[in-house]
Amino acid sequence: MNKKQTSKSVASTASKILRDDRYSDKSKSVAGSALSQTKKGK
């Protein structure tokens, strides 16, 4: 199990990338990967 977590600032940026159509599919793939490693809150 990967114990590394994405920081809040990186998660925020990744979220913006996923919502912005100007970014490529590759960029969105990396952003999605970063978001999948964020700590899940309640």
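What you see is a predicted model; the values in this text were computed from it and never measured. Note: hydrogens, waters and symmetry copies are ignored here, and every other heavy atom, side chains too, is used.
- Heavy-atom minimum distance, Gln5 versus Gln37: OE1-O, 2.9 Å.
- Side-chain N/O atoms of Ser27 and Ser24 include a donor and acceptor closer than 3.5 Å.
- Listed for the Thr38 side chain is no donor-acceptor partner under 3.5 Å among the backbone atoms of Ala34.
- Ala11 and Leu35 get closest at one heavy-atom pair: O-CD2, 3.5 Å.
- For Lys16, there are no salt bridge (charged side-chain N to carboxylate O under 4.0 Å, His left out) partners at least two apart in sequence or on another chain.
- Between the side chain of Ser36 and the backbone N or O of Ser33, at least one donor-acceptor pair lies under 3.5 Å.
- Of all heavy-atom pairs spanning Ala31 and Ile17, the tightest one is CB-CG2, 3.9 Å.
- Expressed to the nearest 0.5 Å, how far NZ of Lys28 lies from CG of Leu18 amounts to 7.0 Å.
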